[in-house]
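Notes for the one structure printed next.
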Protein chains: 2
Amino acid sequence: MPTMRDIARAASVSIGTVSNYFNNPDLVAEDTRQAIRQAIQQVGYHPNAAARSLKTNQTLRLGLVPLISLEDNYSLDPGDYAFLEFLSGINTAAAEAGYDVLLSAATSAAQEVPIYERLVGEHQVDGLILMGMRAADERLRLLQESHFPFICYGRGLQEPSYAYIDVDGAAGIEAAVDYLVAQGHTRMAFITPPPGLACTVQRRQGFERGLQEHGLTLVPEYLEPGGFTERDGQAAMHLLLDLPQPPTAVLTANDVCAFGAMQAVQSSGLQVGKDVSVIGFDDIRLASHWQPPLTTIAQPFRRIGALCAENLIQCITHKDCLPQVLLEPNLVERQSVARLS
Amino acid sequence: MPTMRDIARAASVSIGTVSNYFNNPDLVAEDTRQAIRQAIQQVGYHPNAAARSLKTNQTLRLGLVPLISLEDNYSLDPGDYAFLEFLSGINTAAAEAGYDVLLSAATSAAQEVPIYERLVGEHQVDGLILMGMRAADERLRLLQESHFPFICYGRGLQEPSYAYIDVDGAAGIEAAVDYLVAQGHTRMAFITPPPGLACTVQRRQGFERGLQEHGLTLVPEYLEPGGFTERDGQAAMHLLLDLPQPPTAVLTANDVCAFGAMQAVQSSGLQVGKDVSVIGFDDIRLASHWQPPLTTIAQPFRRIGALCAENLIQCITHKDCLPQVLLEPNLVERQSVARLS
DNA sequence: TTGAAAGCGCTAACAG
DNA sequence: CTGTTAGCGCTTTCAA
């Protein structure tokens, strides 16, 4: 690989001028630029990233640490199909701003914090994107203490002092409850996201608020702890259907969970969208292709990912800015909800 | 952030000794090690990655360039849910060997090669993982010319001279044809992956071979160009059903495509697994939860990803080794195929 | 077993 | 406008 020295020699200029060519082109005379450009073209030169980083203290990389755990699906975001869209959004927006994305897997929750420490300590990235926020999240402390730029997809439970992009899950669930009530339902259950996640608490509050507003009381058995997988949905729905008085409508943790729940309904000889209504969360692509098409609370993952990347980069370059974006989710009506007379 | 100099000072040793502590611990006396360990603990020191890379010429990073294109879903691997599993495998295996993964999105096919050039030129990564291999793939030339370590998930059409991990798609399709014949089918169609991909050609050959072996002739109308999305499957299946004499069984590009195809069958008032049989490819998690559960040709994506990472790292560290792994796919029988009398 | 010193490829003063 | 030069933080001889 050629170095800047080689380019300088080939263009018969000094190494400093080549540096200027890259970082302050207007300081360089047009003919000199021409010569340098040619030399670069000829050997296919690219500046060495490590050398540049060492000097400038910036990597042009954004970090993301997915928790890929087979045992505990505690915060299995990456197992969630939505993660893909999220990642695409990050990646696309990052690329547009000249950043790459560094992925560093944690294969258990215990590994997680050390990985963040290493990424920060080694200067591997200029900023970090967090996701799958927990009700009590160690990562926040670490990053805030070290004054390292970061942004979260999701918020913790108290009013956050950090940058985040989030979808108002409570409002989404509340809107879904409104909708169900409008369709004549009164017995509504909620298969929640995994316990421990911040969004689980938030959405549960939305659920309670929704019921309350319509003078409905929360049946404790209708609050079923669930998760993001089909298995979770399937198991929880069976539990719900086994109740002496099963709910007529069920909200779920996400679309995949809803798919599992629908599967349980069908294998119990009941019909989704008729005997039992199901509402998903996320609106992944398959939701509209499911049978019956799934009514769900849409989150714009790609956009969220892009917002995370853009705003994080903003934080990195402009320091002391604190983007806090709360998006409104959007109920997409399809055919998995029955209208009761 | 503390530097090695700080550690050296704190431990009252020279900077070279601290370096030895990390890279040649046995050269350092136990008490000295103790002192250094303590100093490191105290300030939370991590070696600066850029400085280290600059000197050692290795980054401990593996590169992956997903093609995230909204217009042309030419090689929309990342849009495929299987990508997630693949990525998890890579990420996990990489992490185990001390590597991180660098993602650099290409948002159009035109951007792709320049991104590879940049990654190589900037020394951003120690090796690259390619996927979505095309019938004629520019990336191969580039990487082979520059003698940069890389490995492919998938093979080009001629016998490859490069490292790869692949699943024998032709054999998979052939086995599926065998299976369909055993179930009494003779009119079989194939909704192919996107044109241009190497696997499309390979699988088509498997399809033809399969038919041939059973003395069946290929009906040109039964070879329907498709893709990896539900839309692709849906559209192609409708075309197939509109034929004067529709097929009784349909192979598809992947499970998601199969889902779309099944949707088309149902909306035509026919029943999957009875009037029309459908076979997927990949065996993503949802396949078994679909209604009816999808018979499909399984690819172990997580394992493939892990193999890619492990073998690439092998290539990086041991040079001149040429892993070429061909995995046999596996037909998973479920309920989307009818037995004809 | 430890220390001193050169240099990886680049940037950013600064001098000319 | 261009050249010279001193590091960025680390590894790696080589001497002591």
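Order of the sequence lines fixes the chain letters, A, B, ..., with proteins taken first and strands second; residue numbering starts at 1 for each chain. The basis for the numbers below is simple: all heavy atoms, side chains too, and nothing from hydrogens, waters or symmetry mates.
Residue contacts for A:S19: at a heavy-atom cut-off of 4.0 Å it reaches a base atom on one of the strands shown. Within 4.0 Å (heavy atoms only), A:T32 reaches sugar-phosphate atoms of the nucleic acid but no base atom. Across all strands shown, B:V18 has no heavy atoms under 4.0 Å from either base or sugar-phosphate atoms.
Between B:Y45 and B:F22, the ring planes lie tilted relative to each other; the angle falls in the 30° to 60° range. Between B:F83 and B:F86, the angle of the ring planes lies from 30° to 60°, which puts this pair in the tilted group.
For the pair A:K55 NZ and C:dA13 P, the computed distance is 9 Å after rounding to whole Å. The CE atom of B:M4 sits 12 Å away from the C1' atom of C:dG3 (whole-angstrom rounding). Whole-Å rounding puts the B:N57 CG to C:dG7 P distance at 16 Å. Atoms CG (B:L54) and C1' (C:dG7) sit 9 Å apart, rounded to a whole Å. Atoms CG (B:N23) and C1' (C:dT2) sit 16 Å apart, rounded to a whole Å. Here C:dT11 presents its P atom at 10 Å from CD of A:Q58, a figure rounded to the nearest Å. For the pair B:L27 CG and C:dG3 C1', the computed distance is 13 Å after rounding to whole Å. As a whole-Å value, the separation of A:I40 CD1 from C:dG9 C1' is 14 Å.
Of all nucleotides in DNA chain D having an atom under 4.0 Å from a heavy atom of chain A, the first and last in 5' to 3' order are D:dC1 to D:dG9.
Here C:dT2 is the nucleotide among C:dC8, C:dC10, C:dT2 with the atom lying nearest to any side-chain atom of B:V28. Of the candidate nucleotides C:dT2, C:dG9, C:dT11, C:dT11 has the atom nearest to the side chain of A:I15.
The side-chain heavy atoms of B:M133 and B:R155, taken from C-beta on, include no pair separated by under 4.5 Å. For the pair B:R118/B:S104, a side-chain contact is recorded, criterion being any heavy-atom separation below 4.5 Å from C-beta on.
Of the possible polar contacts, none joining the B:D166 side chain to the B:L326 backbone as a donor-acceptor pair under 3.5 Å is found.
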Hey, mind stepping through B:L128 and B:V120 against side-chain contact (heavy atoms from CB on, under 4.5 Å) and telling me if it holds?
-> CA-CA 9 Å; B:L128 282 159; B:V120 171; 4.0 Å; yes
For A:L140 and A:F150, run side-chain contact (heavy atoms from CB on, under 4.5 Å): C-alpha distance rounded to whole Å, both residues' side-chain angles, the deciding distance at 0.1 Å, then the answer.
-> CA-CA 9 Å; A:L140 291 174; A:F150 72 100; 3.6 Å; yes
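When each of A:M1 and B:N20 is assigned the nucleotide of DNA chain C bearing its nearest heavy atom, the one mapping closer to the 5' terminus is B:N20.
Regarding contacts with the backbone of C:dC10, a side-chain N or O of A:Y45 is found under 4.0 angstrom from either OP1 or OP2.
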